[in-house]
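Have a look at the structure below before the remarks.
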Amino acid sequence: MPIKILDPQVVSRIAAGEVVERPASVVKELVENSLDAGSSQISIETRGGGLGLIRVTDNGVGIPAGEVELAFSRYATSKIRDFEDLESISSLGFRGEALPSIAAVAQVDIVTCAAGESIGSYLTVEGSAAITHKSQGRSQGTTVTVRNLFRKVPARLKFLKSLATENSRIANVVSQYALAFPEVRFTLFAEGRAVLRTPGSGRLIDSVTQVYGLEVAQNMLEVGDEGGKWESGASISSPQVVGMIGLPSVSRSNRAYLSFFVNRRWINSRLLSWAVEEAYHGLLMTGKHPIAIINISLPPGEVDINIHPTKTEVKFQNEHQVFGSVQKTVRRALIEQAPTPKMEEVATAYVSPSASGPLLRAVPEGEDSPVTSLPVASQPLVTSLPVLRVLGQLSRSYIIAEGPEGLYLIDQHAAHERILFEKIKYQRSQSEIEVQGLLEPVMFEVNPRQGEVLKSHCEDLAKFGFSIEPFGNRTYLIRAVPALLHKKDWAGMLRELLDALAGENRGDWAESLAIAMACHGAVRAGQVLNDDEMHELIRQLEQADIPQTCPHGRPTMVHLGSEQLKREFGRS
Ligand code: ADP
Ligand code: MG
């Protein structure tokens with residue numbers, strides 16, 4: 001339908017608001033417009049973290065010459081007309097706000113040619129007024145170029161993170177839509193480099209390969225009855241859940257690999273994350289999260305997308321039903337298709353003791369050790385540790401030791417984390433990180449988001465002993481590693497480090513890196529330690545500056561004083 005300005009009554013019903021928060025929001029809005037225009041090819045180019053330039057080119061239906069200027073008016077949309085349309089939105093956009101909001105904070109130009117028109121139009125807009133409007137040749141489709149974003153809004157600039165962070169957010173937005181629309185060929189160029197290319201084959205697995213790499217793609221299961229095919233929501237009566245999920249063996253340490261789409265709109269949903277994690281119950285180590293790409297098709301009337309300005313949150317009419325469908329469909333795929341996990345992997349899962357809760361909770365369920373019923377002492381922490389005598393290992397997770405002042409239960413993982421953390425920090429402060437060259441370089445693949453982090457932190461990682469060099473498209477070689485860490489799966493560890501560094505609020509990346517290295521380099525719960533290893537660990541812990549907590553602040557030990565023991569046993 002033609003572009004028209006919405007009636008004020010309709011406007012009052014939409015959750016309008018600021019949509020241009022950062023460069024990635026501009027990319028999201030423009031890509032959504034290209035998708036709504038039925039494009040089969042969308043290419044995105046950015047410079048200066050999106051602040052310098054964002055250009056989105058598509059081969060969609062284009063905008064008729066007579067409507068181009070109108071497209072930049074507030075509440076001008078071709079996608080809905082009235083209240084009823086609001087109840088059954090099948091497009092990604094519907095508020096007519098993106099183009100005018102972007103033009104208000106940047107210089108925008110658009111070249112577009114509508115289906116059936118012989119010549120296209122060129123329009124430049126700045127602020128709220130069109131500056132130039134003339135005819136220009138172009139094949140069918142639209143190119144929108146956004147320059148100098150926020151230059152006139154210095155306050156907004158201040159809130160933005162580094163160029164690398166903005167690029168990584170942009171890469172994430174494009175990756176998500178590439179997953180949601182496997183039939184569309186996406187290309188993303190950032191700062192002149194190709195960051196992502198999908199083939200547009202219509203097969204989700206091809207998009208997964210490009211976004212997450214071959215290793216992940218080879219460990220994915222199809223979910224739902226349609227064999228991984230996306231369906232549109234219009235014609236179905238109950239929620240239909242389709243997508244792909246990772247085998248438990250390729251789990252991740254955060255939730256960044258959970259992607260949800262409702263009628264192919266990318267959304268955030270705690271409810272759906274929870275449903276998927278429920279389905280993996282008992283299959284993943286605690287602290288690990290699955291990889292999943294899930295589309296839920298629903299009749300548009302059963303989901304309200306109009307509750308949040310950026311449309312990234314939705315409200316389901318029947319939350320229970322949606323939760324149940326997702327949980328059951330994912331669980332079924334796991335049970336029917338995933339190889340049975342080894343008992344050991346599950347039983348020895350590491351449970352991180354919370355700072356306030358008792359450490360002893362971490363004993364695996366079902367192992368009815370008498371120690372689990374001991375009360376946990378809430379002793380004030382002493383700064384240095386006395387000399388301890390190792391008595392043995394409990395549940396392959398704790399070292400039991402005796403000191404002059406009673407019994408100590410030491411969490412082997414947390415304690416080793418503390419030791420490594422202090423060593424890494426010390427060696428780093430002396431600029432003498434011990435490096436160990438690998439006999440054979442280890443090849444590893446990163447996703448676009450990790451790639452951006454790696455590029456910006458490559459030198460930082462080198463200072464910590466990692467020698468990494470690019471090896472073709474999104475593949476890198478690890479040539480040397482810090483000698484302190486005894487680890488086999490360097491690729492997995494580095495990917496986790498990159499994910500940790502990509503997270504929010506990583507102001508002090510050096511500290512974060514040291515913490516992440518210590519965490520991933522430390523012995524795990526569930527690992528059998530021999531006497532020598534236990535002695536060595538305790539000896540090193542005795543020398544630590546702050547032996548009582550791991551670098552995350554969780555306790556490394558529980559202490560039962562002699563006095564308390566006497567009290568517990570009723571002796572005076
Ligand atoms: P909305 O997407 O909510 O309708 P926008 O401000 O994003 O609002 O876009 C306004 C209108 O401009 C759209 O309704 C659409 O008709 C037209 N439009 C914008 N981008 C494109 C594009 N890439 N291809 C075709 N039409 C577009
Ligand atoms: Mg739009």
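Predicted model only: the values in this text are computed from it and were never measured. As the structure lists them, so they are numbered: ligands from 1, and atoms in each ligand from 1. Values reported hereafter were calculated over all heavy atoms of this structure, with side chains retained and with hydrogens, waters and symmetry mates removed.
Not counting sequence neighbours, the partners of Y257 by the ring-ring contact (aromatic ring centres under 6.0 Å, His included) test are Y212.
Nearest heavy atoms, A71 versus L99: O-CB, 3.7 Å.
W274 has its ring centre less than 6.0 Å from the ring centre of F323.
R138 CZ: more than 12 foreign heavy atoms inside a 6.0 Å radius. Annotation: E215, atom CD; neighbour count of heavy atoms from other residues, nucleotides and ligands within 6.0 Å does not exceed 12.
Interatomic distance, K28 NZ to N33 CG, rounded to the nearest 0.5 Å: 10.5 Å. Interatomic distance, CD of Q240 versus CD1 of I296, reported as 11.0 Å (0.5 Å rounding).
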Just list the side-chain donor-acceptor pairs under 3.5 Å for residues 110-122, sequence neighbours left out, or say none.
from	atom 1	to	atom 2	distance (Å)
T112	OG1	I63	N	2.9
T112	OG1	G141	O	3.3
T112	OG1	T142	OG1	3.0
E117	OE1	A65	N	3.1

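Screening the protein for N, O or S atoms under 2.8 Å from the Mg ion (ligand 2) yields 1; no waters enter the count.
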Could you pull out the N/O contacts under 3.5 angstrom between ligand 1 and the surrounding protein atoms?
from	atom 1	to	atom 2	distance (Å)
ligand 1	2 (O)	N33	OD1	2.9
ligand 1	2 (O)	K79	NZ	2.7
ligand 1	3 (O)	F94	N	3.0
ligand 1	3 (O)	R95	N	2.9
ligand 1	3 (O)	G96	N	2.7
ligand 1	4 (O)	T77	OG1	2.6
ligand 1	6 (O)	A98	N	3.2
ligand 1	6 (O)	L99	N	2.9
ligand 1	7 (O)	N33	OD1	3.0
ligand 1	7 (O)	N33	ND2	2.8
ligand 1	8 (O)	G96	N	3.4
ligand 1	14 (O)	T77	OG1	3.4
ligand 1	14 (O)	S78	N	3.0
ligand 1	14 (O)	S78	OG	3.2
ligand 1	16 (O)	S78	OG	2.5
ligand 1	20 (N)	N33	ND2	3.4
ligand 1	23 (N)	D58	OD2	2.9
ligand 1	24 (N)	T142	OG1	3.4

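For the pair R264 and F181, the cation-pi criterion (under 6.0 Å, within 45° of the ring axis) is fulfilled.
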